[in-house]
Amino acid sequence: GCAKKTEEPAKKEETKKVRVGLVFDVGGRGDKSFNDAAYAGLERAQKEFGDKIEVKYLEPSAGGENREQLLRLLAQDKYDLVFGVGFMFTDAIAKVAKDFPQTKFALIDGYVPDLKEDSNISCLLFKEHEGSFLVGAAAALKSKTGKIGFVGGMQIPLIEKFEAGYIAGAKYINPKIVVLSDYIGTTGDAFKDPVKGKELALKQIKNGADVIYHASGASGVGVIEAAASQKKLAIGVDSDQSLTAPEAQRPYILTSMLKRVDTAVFDTIKSMVENNFKGGYQEFGLKEDGVGYAVNEYNKDLIADIKPKLEEIKTKIINGEIKVPTSKKELK
Amino acid sequence: MGDIMEMLASALRMTIPVLITALGAIYSERSGVTNIGLEGMMMTGAFWGAYGALHYGPVGGFLLAIAMGMLVALIHAVVTVTYRVDQIVSGVAINILAYGLARFFSIALFGMATTSPSVNGLPKIDIPLLKNINALKPIATDISPIIILGILLVFITYWVLERTVFGLRLKAVGENPLAADTLGVKVIPYRYLGVIISGAFAGLAGAYLSIEHTHMYVEGMTQGKGFIALAAMIFGNWMPFGSFWASFLFGFAEAISMRVVQSKVIPYQFIKMIPYLLTLLVLAGVVRKAQPPASVGIPYSREGD
Amino acid sequence: MEKVLELKGITKRFPGLVANDNISFDAIKGEVHALVGENGAGKSTLMKIITGLYQPDEGEMYLKGQILKLSGPRDAIKKGIGMVHQHFMLISRFNVVQNIILGHENSSGGIIDFVKARKRVEELCELYDFKLDLDAPVGDLSVGHQQRVEILKVLYRGAEILILDEPTAVLTPQEVKELFVNLIKLKQEGKTILFISHKLDEVLEISDRITVLRRGKVIGTVKAFETNKKQLAEMMVGRPVLFRLEKPEVRAGDTILEVKNLEVKGSLDRHQLNKLSLAVRAGEIYGIAGVEGNGQRELVEAIMGLLPYDGGEILIKGKSNKGLDTKAIREIGVGYIPEDRHHRGLVLPMTVWENMVLGLERNKAYSTWWKLFRDKIKALTNQKVEEYDIRLGSIELAIRNLSGGNQQKVILARELSYEPDLIIAAQPVRGLDIGAIEFVHKKLIEARNHGKAVLLISADLEEVLSLSDRVGIMYNGEIVKEFVPGELELEKIGQYMLGAHKEAGVGQ
Amino acid sequence: MNKRAKIILLQLLTPVLAILFAIALSSILIVAIGKSPLEVYQTMVEFSLGRSDSIGAILFNATPLIFSGLAVALSFKVGLFNIGVEGQYFIGAFFAAFVGFTFTGLPAFIHLPLAIFAAMLGGVLWALVPIYLKIRRGVHEVISTIMLNYIAYSLIHYFIADLFMDRNQKVPEGLGSPLIRTPHFAESALMPKLHGFLSFFGIDLPNYVYLNWFFVIGLLLAVGIYYLLWHTPFGYEIRAVGSNPKASEAAGINPNKVYFKGFLLSGAVAGLIGLSHLLSFYGYMDLDFPKNFGFNGIAVALMGNNNPFGIILAALLFGFLNRGAEGVQTFMGVPMETIVIMQGIIILSVVVAANILGRYIKRLEKKEA
Ligand SMILES: Nc1ncnc2c1ncn2[C@@H]1O[C@H](COP(=O)(O)OP(=O)(O)OP(=O)(O)O)[C@@H](O)[C@H]1O
Ligand SMILES: Nc1ncnc2c1ncn2[C@@H]1O[C@H](COP(=O)(O)OP(=O)(O)OP(=O)(O)O)[C@@H](O)[C@H]1O
Ligand SMILES: [Mg+2]
Ligand SMILES: [Mg+2]
């Protein structure tokens, strides 16, 4: 019923509408982290800009080999702004963008070299290490045993960036702290293996860790479950996982390292609508509020005592007083 | 000691889903039907288990998972037993289908393609007597009833196969369906049952993952365990106890691999290989002639048309 | 005289042929009624219809005057019809008791009382004087014992009509005798027995009436005491048949095959050989008589390089076969007719012409490494089909579609095609009809006459005695007696075969 | 004669009927998500068959599946079940990648064949383990190949995320992260596209279609394998051993040797599966190198009845479905999972229909008798 009513005025404005297309990464919408955050940004834009925009989202096949085709189809179908969610789109976007100079592309997490402001690609890049530094500090502040844990999905530079920031943050508070690190697997499936996530976390807890941070997508469900079952603390990632966790686990989620993919998506759409799309590189760090740590009604008491310290560190990072390492190599 | 017990407990948790699925596969294979669709049936179980547990509690979840596992298995049975289609192609198609259906219903029912809301598991239990022995605490206290059930199913399966009319006929149908047929044993229904039981077991195993282990369904959480179960069943020579040891070997190797510390000497990728490598090495070390059911994989029809 | 079973106008079609064509036939309570006919005449098919395994396309059956409709073997069993199939319907991995009770377990609440079941089986065994190891997997039993299991299966179900499809094909004379004793016992109990056999002497001995089938049609039913072998054979084949084998004297030449102190260790699926020795010369047929499962298969497979042996020596044309693979052994000049054509002799899904060159596909005449000379092979096959009178629709057919006799002829044609000096013929006529048997025997004797050495292994004593120039009796992995046919009376031979005697130093 | 014609007609009609049935069944699904089945199917067909880039994409999609179908079929023909095609093509692809990025300055006519050869070698090596274990240690090939698939995944990760990762990527300080991939291949290792050849015949493909000569190689290989199986003594031995190893053995064919050679051949073909993507589409091997071609190859092989030409048809069907999926997703908003379900249904319908038809023809022939 509703849809019909809006159709009439929509038609008149058709020419003005900004058409936004988005291709998810394999796994697609509903992963409770990365892809969902992108979708949230899309939804927010839809809400705020109403009939000024028209959106469409696609998912690649399970193997992911048709990312390029999907981007291309959207471009061919005259979408004005096309998102590729995830660094796996890097090459595909670079190729398609060349063929469609009129279409704007936004690449989340990926880096295409040599872009300028008037390029038709915008790379949305996050400083995950900065956010991770904060939650590392939080973990160290909360740890009673002097041991904390990290569970990553797959050992790749992106995830190592989380790990490096986390360790640096923890050492900043307590140089003697021991960080137990584990990774789940060697394929994309490592990001959807909560069973192993839980077993690894349980092992870390058994070995003395009492706060565990995960950067493992849907596998993190298992990490949080393990921490809660052993009455230890977990730190979520990407989105505020306290909000999606079950009631019983919430007391055990210290905080979440926020990666505001939603903000990035929203801002980019906004720039299109307002006609000031900028190519090149958009940074999302602590300064830009692109990363951060979550405070919500469930953890506000839990985190209250360390919040001032965290805020202090945050300011220091933003000022450049603290330099956060971006890889494990730098860490050493 | 405590560490070892802890590791055993972990090994046991990793063993159970593979074991239960492997036990189910025994029923199917011994009735003469290869089931390479176990992965999809587990996935179905994991999904519907979570859905059921969300709305009807953990027991409801398990029942629903078992029922849905059976339903998917029924497709396999219709296609392979009634229509005598190649059992492997059907299994492959079932895996594709189950993946699609789980996603489809996940969006329809949870509003999310890949995860469910969190659900409650069954109450944890302690094993009487054993729980009093301090050293055994990690494996005797606070464990999921499904772990106990899984172990019991090994004995039950053995008993069913060796002592009951059903077991005797099931095996007969897998060994020499024509012979069984001449004695009035109806081949088709027994094969249906074998396949459907395997679906029930795989559903149960999948639901164990979602309801008991992580209290949530996550797409792809079966992680190829259906295939591992198939391997375990073959390695176990189509026997319940054999399958138990094979599944345990795998679970144990997983537990080890999670406890090997990453270092320069052993890159992490090689640690992740341990379960598979170890299984392969053990296999290569154990020379044993596989004794598959004589008619497994061969569709049956009385007049050979 | 009560007609227990009556068939009216039964017709059964298979793709491309009519296996049973308007067959009418009856059986009387307490009679042994034999069914004879050439391979593919439709005997087994008819019996499968009577036991509900196949559905007839036309016609009706009556049991004690009541119309008989069978939806499956289950119905037939309920009506008291039981069958011992030509190809045994046993589950090799199951033990004897399991095989017998299957489908008729007499359980309480689905749980089998194996103790009780075993007892009942034991009672039956006692009644019919069957000696069987009830706990052995039937796959490990000798063929004779397997047949006992089959008969027990039928009796266990209380069958009133027993069908036996070629039951004597694999039995020793003693075993045949025992079987007949039991059949007569059953007959006296009022049971009806339908009996299929290619051995007309046996048929005449045991049956009351005989029905002859040819090409799916009933040619006639005759009373056993009113007919004779010659008449039956003529009815079956449709032309007069010669029974005498022409066997001219041939002087044996050099030793072609020499087996010295051959030893094979026994295991679950392998019989042991104890210092077995024998020699076969050019121009002679050396027959091995003996109950199946006394090491014949192991001997043959050791000669062919299919089974490694633990001691002793095998010389073929003076050359040891140790370490040679089957291909190399064949290249010395050995032809091999395996005992089980379906498992060892043919690749059933492949065409007739492909089977004609199995193992010869690398022969220069048939291929180069990159090309199979299909036309050449087909031409050769067509020529062999003519020469060996192989009946088939086309050489492009999968060989599975040929009757057993014609399948056997293909093997024979193939194995003789490269003129081997030594022919190992294991059970070469098993299951074949008289026409086919006659043909195979003729070919073997022809080879012998041409100076080939033939090692013949057969469970059919009559065959061994009529073909061989010398005979060795094999028992428990040894040759226990060697003799020239005619030298020893049947009774005595039977005793050797059952291990009652042993003669030292034979075969050296 | 009449019946012959009828049978041939039926044989042609069956796949069509099967697909119609699958379509009917899938329609329920499409209605359930609130779309019009008619429009969806129309879009699918128009999109997939009505545009030259779609045709190109279908053939490109089909290329790896032809190779993997052939690899699986070869192993089936020799009587083994090679689940390990998946791992073999990964290793093969890496071997080719290694040749691709290691050697520079080679002329294309050496470099490209070398890469192809390396891929086959990789596939062979990864097939060597299970077949050796099978023959020597009696290890069931299904178990060992399942394990080896996982081992291959990890090994590949080690190679491309660790040992051979391209460390020369430009990444700004603290922003983004380097891609997990090997260095780019030298131009000389890349497979030319088919465009030039096709334009010869007046067919113009857009440059973003990646259809390349591997498709032609796949077709030729199918013909080659057909020839091998039915016209050479080795192919004869493969079929004989595959159907009855015991009889083959008794006739003097050594089954173990045939298993060995046949399985390695299957591995060699498997090694080629990924190349069409690797050496034209990607130009490097990354962590996200497409998976599952090996598993889908099982379905392709069996749907194609293990016949090389049947495999080509089945691969094309898969290629069509995948391309169609992109179309209905983009233009009709039909979500991915609906299409996945449809694919499952179509596979099952096609094989079931083939069986029903087979039975019907038998019955017809029986009446003829
Ligand atoms: N299931 C079947 N499908 C097709 N044809 C069959 C089938 N069973 C039997 N036939 C054919 O029917 C004919 C009769 O076969 P049947 O087995 O009844 O012969 P038989 O008289 O028992 O021969 P034998 O003496 O060799 O045992 C043969 O030509 C055979 O090829
Ligand atoms: N499914 C089938 N399709 C085609 N022909 C068949 C089929 N089953 C049996 N036959 C034919 O029926 C014949 C008779 O079958 P049966 O089982 O009695 O074997 P047989 O010919 O008597 O062989 P043997 O001599 O080994 O006993 C077979 O030789 C074969 O030609
Ligand atoms: Mg017969
Ligand atoms: Mg016969």
Side-chain angles (χ1 to χ4, degrees), chain B residues 26-27 29-32 86 155-191 193-194 197 237-239 242 287-305, chain C residues 12-15 19 45 47-49 51-55 70-79 81-85 87-95 97-114 117 137-139 150 153-154 156-157 163 268-269 400-401:
Chain B
I26 291 178
Y27 289 91
E29 295 250 340
R30 297 216 66 171
S31 81
D86 184 282
F155 293 90
I156 293 173
T157 300
Y158 177 81
W159 179 81
V160 166
L161 289 177
E162 298 305 321
R163 288 278 171 270
T164 66
V165 173
F166 173 75
L168 189 74
R169 294 183 178 184
L170 189 84
K171 289 188 293 183
V173 156
E175 292 289 334
N176 188 344
L178 185 60
D181 198 359
T182 58
L183 295 178
V185 174
K186 293 196 167 149
V187 177
I188 306 296
Y190 277 95
R191 289 201 162 173
L193 278 174
I197 292 174
N237 221 355
W238 289 264
M239 308 278 196
V287 187
R288 178 170 52 184
K289 227 178 132 198
Q291 285 198 309
S295 296
V296 71
I298 308 165
Y300 175 69
S301 93
R302 220 178 247 172
E303 305 195 11
D305 57 4
Chain C
K12 176 74 188 172
R13 299 186 190 89
F14 286 121
T45 304
M47 296 303 114
K48 285 176 185 168
I49 289 171
T51 51
L53 205 55
Y54 288 178
Q55 295 299 323
L70 301 172
S71 65
R74 203 184 186 88
D75 287 354
I77 292 169
K78 274 198 202 128
K79 300 262 151 86
I81 304 172
M83 173 159 172
V84 174
H85 290 265
H87 295 284
F88 290 161
M89 298 287 181
L90 293 170
I91 290 155
S92 324
R93 262 209 240 174
F94 282 12
N95 67 26
V97 176
Q98 287 172 320
N99 263 289
I100 291 174
I101 64 172
L102 178 64
H104 219 249
E105 295 87 353
N106 263 332
S107 62
S108 60
I111 301 158
I112 303 175
D113 186 347
F114 276 110
V138 299
E150 283 283 27
K153 270 162 67 178
V154 175
Y156 188 84
R157 286 161 180 74
I163 302 170
L268 200 70
D269 50 0
R400 130 181 37 241
N401 295 313

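Numbers restart at 1 for each chain; the letters A, B, ... are given by sequence-line order, proteins then strands.
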Which bit of [X] is near chain B, if near means a heavy-atom gap under 4.5 Å: side chain, backbone, both or neither?
| X | value |
| --- | --- |
| C:N99 | backbone |
| C:K78 | neither |
| C:L102 | both |
| C:S108 | neither |
| C:H85 | side chain |

Among B:L183, B:T164, B:V160, residue most engaged with chain C (heavy-atom pairs, under 4.5 Å): B:L183

Side-chain (C:R157) to main-chain (C:I100) donor-acceptor, under 3.5 angstrom: yes

Atom CZ of C:R74: over 12 foreign heavy atoms under 6.0 Å: yes

OH (B:Y158) with more than 12 external heavy atoms under 6.0 Å: no

Partner residues of B:T157 under the side chain to side chain donor-acceptor pair (under 3.5 Å) criterion, sequence neighbours left out: B:Y27

With B:F166 via ring-ring contact (aromatic ring centres under 6.0 Å, His included) - residues at least two apart: B:Y190

